[in-house]
Amino acid sequence: MLTLNHFSELRDKTILGLKKRNWDDDKLGWVDKVAALDIERKEIQTELDNLKAFSNQASREIGNFMKSGQKGEAESLKSQVARNKIRISDLESRSDANKSEMQELLYKIPNIPHASVPAGKGSEDNEVFQDWTQPMPSLYDGALPHWELADKYNLFDLKLGVKITGAGFPLYRGKGAKLQRALIQFFLDQATQAGYEEIIPPHLVNADTATATGQLPDKDGQMYFCDLDKLYLIPTAEVPITNILRDEILDEKEFPVKFCGYTPCFRREAGSYGADVKGLNRVHQFDKVEIVRAEHPDKSYQALNEMIEHVKSLLDKLELPYRILRLCGGDMGFTSALTFDFEIYSAAQKRWLEVSSVSNFETYQSNRLKLRFRNNEGKTQLAHTLNGSALALARIVAGILENHQTPDGILIPKALQSYTGFSIIS
RNA sequence: GGUGAGGUGGAUGAGUGGCUGAAAUCAACGGUUUGCUAAACCGUCGUACGGGCUUAAACCUGUACCGAGGGUUCGAAUCCCUCCCUCACCGCCA
């Protein structure tokens with residue numbers, strides 16, 4: 001949620017930012033609508049506060065009159081307060097209408113892209129921020145995509161997932177399961193070594209939590225929902241972990257706040273189709289280690305760079321070819337100011353697969369979270385939040401299987417061997 | 001799931017209709033004292049949103065908030081209703 005100064009002092013910047021997200025004039029009108037609502041809000045509050053002040057004062061006087069037995073004075077004041085009350089309830093309903101209209105608009109307005117974000121409509125306009133310059137893995141004739149490798153080596157079984165649950169719920173088995181567990185352990189160890197505190201959060205969250213990180217109302221329908229208990233299955237560990245900080249006022253000295261956590265992620269992926277959903281490319285349940293940070297606004301872009309370096313080091317250690325994209329305005333997430341996507345190259349599928357997304361939300365998320373810190377002047381100020389996948393498992397598994405396959409079997413990257421306990425899947 | 005007790009500021013905890021945005025203690029912060037530490041003493045010590053003054057801050061002032069929402073009343077932390085949560089015991093159980 002954008003702070004209100006985005007609609008007054010920062011109005012022009014806001015308009016430019018939204019244009020980068022390809023907003024038309026119609027929707028851009030919301031910006032001035034919010035500004036107008038804000039002015040109205042202040043007017044209503046000033047008037048309402050004055051009316052209430054009168055009532056409060058009068059009530060005190062009535063008390064005094066009652067004590068001193070001045071019944072007549074008390075009664076006449078009471079009737080004044082009663083008249084006042086009508087005006088108050090009138091204004092209050094105006095105030096409620098104003099608030100809900102404001103909130104509805106604010107929920108519909110995404111974050112303002114960082115200056116470096118390129119303009120563009122969709123994924124084809126993303127900027128290659130760092131390309132893969134080394135040679136691509138050359139596979140032998142007869143190299144297979146990961147879903148065929150899975151059958152060959154008995155690593156995961158999509159049909160069993162369908163039988164037990166439905167499409168998009170893979171079942172891992174044997175060395176496939178062990179590889180999965182090894183990766184989780186490896187990623188957590190790497191994050192912990194980089195100073196992130198490990199968290200095991202709940203996997204179901206309430207509506208307040210889902211709202212605070214921006215999944216609701218924007219992504220309602222993309223989350224699995226337990227109707228009986230009104231709880232949502234988390235689409236990412238970002239949701240419960242970032243909410244640790246909801247309604248907190250940190251001391252400036254507490255920065256940087258660095259959390260990491262492994263969770264399964266549940267996504268309905270309503271509307272997805274086609275080649276994207278083949279094998280592990282797009283599933284409803286996958287495992288992910290997430291890193292989350294809260295930072296001083298002056299340091300958040302430095303933190304973003306550190307997170308990028310961290311993800312790079314993971315992919316290097318897994319010996320996977322990757323590139324980094326700077327997402328364009330049209331492809332960026334709703335709440336993000338700047339996002340870098342990591343894609344690994346799948347040699348067998350001959351395509352790039354997204355495995356990580358690292359973002360700075362600036363104050364967009366903390367405004368809804370009410371995550372503040374006390375600055376050196378003793379004032380409360382919104383913190384910046386960031387998060388990134390480090391890393392998302394299913395597609396990493398796909399990449400390892402495909403890129404490291406040889407006629408003799410699938411070679412496990414050295415860094416992972418102490419976690420898997422085997423060096424080849426054959 | 002049943003029964004009972006309860007939810008007050010960073011913590012403990014007082015407060016059953018107006019003098020309470022909230023006692024007291026502790027913690028924290030600033031200061032005095034001190035060779036250092038400790039102790040003692042003095043002071044500060046919620047958040048949000050308005051208004052005034054101002055370049056701004058400071059400052060002054062108003063409103064709201066005592067789990068959440070609603071109600072009664074001139075007036076609610078205090079009374080009533082609904083919901084949520086916590087604790088204890090019982091039941092069930094991985």
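In what follows, chains are A, B, ... by sequence order, proteins preceding strands, each numbered from 1.
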Undergrad: By nearest nucleotide on RNA chain B, pick out whichever of A/Gln381 and A/Lys78 is the more 5' one.
TA: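 The residue whose closest nucleotide sits nearer the 5' end is A/Gln381.
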Undergrad: For B/rC92, give its Watson-Crick or G-U wobble partner with both distances under 3.5 Å, or none.
TA: none
Undergrad: Whom does B/rU16 pair with, Watson-Crick or G-U wobble, provided both distances fall under 3.5 Å?
TA: none
Undergrad: Nearest whole Å is fine: how far is B/rG70 C1' from A/Asp96 CG?
TA: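 So the two atoms are 13 Å apart, to the nearest Å.
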Undergrad: Is there a side-chain polar atom (N or O) of A/Asn56 under 4.0 Å from OP1 or OP2 of B/rU63?
TA: yes
Undergrad: Give a yes/no answer on whether the side chain of A/Thr380 brings an N or O atom under 4.0 Å of OP1 or OP2 in B/rA48.
TA: yes
Undergrad: So that I can tick it off, tell me whether A/Lys253 and A/Asp251 are bridged by a salt bridge, with the cut-off set at under 4.0 angstrom between side-chain N and carboxylate O.
TA: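 A salt bridge is present here (some side-chain N lies under 4.0 Å from a carboxylate O).
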Undergrad: Is NZ or CZ of A/Arg181 both nearer than 6.0 Å to the six-membered ring centre of A/Tyr172 and within 45° of the ring axis?
TA: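 Pair A/Arg181/A/Tyr172 does not count as cation-pi.
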Undergrad: Can you name the closest pair of heavy atoms from A/Gly221 and A/Arg268 and give their distance?
TA: O-NH1, 2.6 Å
Undergrad: What heavy-atom pair brings A/Gly168 and A/Val283 nearest, and what distance separates the two atoms?
TA: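 Reported closest heavy-atom pair: O-CB, 3.3 Å.
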Undergrad: Taking the nucleotide of RNA chain B with the nearest heavy atom to each, does A/Glu61 or A/Ala82 sit closer to the 5' end?
TA: A/Glu61
Undergrad: Does a nitrogen or oxygen in the side chain of A/Arg60 sit under 4.0 Å from OP1 or OP2 of B/rC19?
TA: no
Undergrad: To the nearest Å, how far apart are A/Leu91 CG and B/rU63 P?
TA: 15 Å
Undergrad: If you measure from the P atom in B/rC66 to the same atom in B/rA57, how many Å do you get, rounded?
TA: 29 Å
Undergrad: Can you tell me the distance, in whole Å, between the CD1 atom of A/Ile62 and the P atom of B/rC19?
TA: 14 Å
Undergrad: Give a yes or no on this: more than 12 heavy atoms of other residues, nucleotides or ligands lie within 6.0 Å of atom NZ of A/Lys299.
TA: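 No - once you tally the heavy atoms of other residues, nucleotides and ligands closer than 6.0 Å, there are 12 at most.
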Undergrad: For B/rG46, give the paired nucleotide (Watson-Crick: N1-N3 plus N6-O4 or O6-N4; G-U: N1-O2 and O6-N3; both under 3.5 Å), or none.
TA: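 Paired with B/rC65.
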Undergrad: Roughly how many Å apart are B/rG62 and B/rA56, using the P atom of each and rounding to a whole number?
TA: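 To the nearest whole Å, 22 Å.
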Undergrad: So what does A/Ala53 hit on the nucleic acid, given a heavy-atom distance under 4.0 Å: a base, only sugar-phosphate, or nothing?
TA: sugar-phosphate
Undergrad: Now, which nucleotide makes the Watson-Crick or G-U wobble pair with B/rU32, with each of the two distances under 3.5 Å?
TA: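 Partner of B/rU32: B/rA40.
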Undergrad: For B/rC59, give the paired nucleotide (Watson-Crick: N1-N3 plus N6-O4 or O6-N4; G-U: N1-O2 and O6-N3; both under 3.5 Å), or none.
TA: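 Paired with B/rC59, as far as the under-3.5 Å criterion goes, is B/rG52.
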Undergrad: Report the base-pairing partner of B/rU78 (Watson-Crick or G-U wobble, both distances below 3.5 angstrom), or none.
TA: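 The base-pairing partner of B/rU78, which may sit in any strand shown, does not exist here.
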Undergrad: Can you name the nearest heavy-atom pair linking A/Thr242 to A/Leu369, along with the distance?
TA: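 Looking at all heavy atoms of both residues, the shortest contact is CG2-CD1, 3.5 Å.
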Undergrad: Nearest whole angstrom, please: distance from the P of B/rC49 to the CG of A/Asn5.
TA: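 A/Asn5 atom CG is separated from B/rC49 atom P by 11 Å.
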Undergrad: Applying a 3.5 Å limit to both distances, which nucleotide forms a Watson-Crick or G-U wobble pair with B/rU25?
TA: B/rA11
Undergrad: List for me each residue that meets salt bridge (Lys or Arg N to Asp or Glu O under 4.0 Å) alongside A/Arg395, sequence neighbours excluded, and say none if there are none.
TA: none
Undergrad: Counting only Watson-Crick pairs (N1-N3 plus N6-O4 or O6-N4) and G-U wobbles (N1-O2, O6-N3), all under 3.5 Å, who is the partner of B/rG6?
TA: B/rC85
Undergrad: Could you pull out the closest heavy-atom pair between A/Ile62 and A/Ala74, with the gap in Å?
TA: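 Distance-wise, the nearest heavy atoms are CG1-O, 4.1 Å.
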Undergrad: Taking the P atom of each, how far is B/rU37 from B/rU54, in whole Å?
TA: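 Each nucleotide's P atom is 46 Å from the other's.
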Undergrad: In whole angstroms, how far is the P atom of B/rA28 from the CD atom of A/Glu252?
TA: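 So the two atoms are 21 Å apart, to the nearest Å.
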Undergrad: Starting at atom CG of A/Leu250, determine the distance to atom P of B/rA28, rounded to an integer number of angstrom.
TA: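 Distance check: A/Leu250 CG to B/rA28 P gives 19 Å.
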Undergrad: Using the C1' atom as the reference point in each nucleotide, state the distance between B/rA14 and B/rA22 in Å, no decimals.
TA: 10 Å
Undergrad: Output yes when at least one side-chain N/O atom of A/Lys85 is less than 4.0 Å from OP1 or OP2 of B/rG75, else no.
TA: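 It does, given that an N or O in the side chain of A/Lys85 lies less than 4.0 Å from OP1 or OP2 of B/rG75.
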Undergrad: Could you tell me whether the side chain of A/Thr46 and the main chain of A/Lys42 form a donor-acceptor pair under 3.5 Å?
TA: yes
Undergrad: Roughly how many Å is it from CG in A/Asp49 to P in B/rC60, rounded to a whole number?
TA: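 In whole Å, B/rC60 P and A/Asp49 CG are 19 Å from each other.
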Undergrad: Could you work out the separation of B/rA77 and B/rU8 based on their P atoms and round it to a whole Å?
TA: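 To the nearest whole Å, 16 Å.
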Undergrad: Quantified in whole Å, what is the P atom distance between nucleotide B/rC83 and nucleotide B/rG4?
TA: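 Approximately 15 Å lies between the P atom of B/rC83 and that of B/rG4.
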Undergrad: Can you check the distance between B/rG35 and B/rU12, where both ends of the measurement are the C1' atom (answer in whole Å)?
TA: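 These two C1' atoms come out 37 Å apart once rounded.
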Undergrad: Among residues 362-377 of chain A, which residues get a heavy atom nearer than 4.0 Å to RNA chain B?
TA: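 Nucleic-acid contacts, sorted: A/Arg372, A/Arg374.
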Undergrad: Counting only side-chain N and O atoms of A/Lys379, is one of them less than 4.0 Å from OP1 or OP2 of B/rA58?
TA: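 Checking A/Lys379 against B/rA58: at least one side-chain N or O falls below 4.0 Å of OP1 or OP2.
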Undergrad: Indicate, with a heavy-atom threshold strictly under 4.0 Å, whether A/Ile249 touches base, sugar-phosphate, or nothing.
TA: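 Sugar-phosphate only.
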Undergrad: What is the distance from CG of A/Asp247 to P of B/rA48, rounded to the nearest Å?
TA: 11 Å
Undergrad: Minimum heavy-atom separation for A/Gln405 to A/Leu144, with atom names?
TA: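 The pair with the smallest heavy-atom distance is NE2-O, 2.8 Å.
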Undergrad: Considering only atom C1', compute the distance from B/rC89 to B/rC26 and round it to an integer number of Å.
TA: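 Their C1' atoms lie roughly 32 Å apart.
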Undergrad: Contact class for A/Lys99 vs. all strands (heavy atom < 4.0 Å): base, sugar-phosphate, or nothing?
TA: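 No contact.
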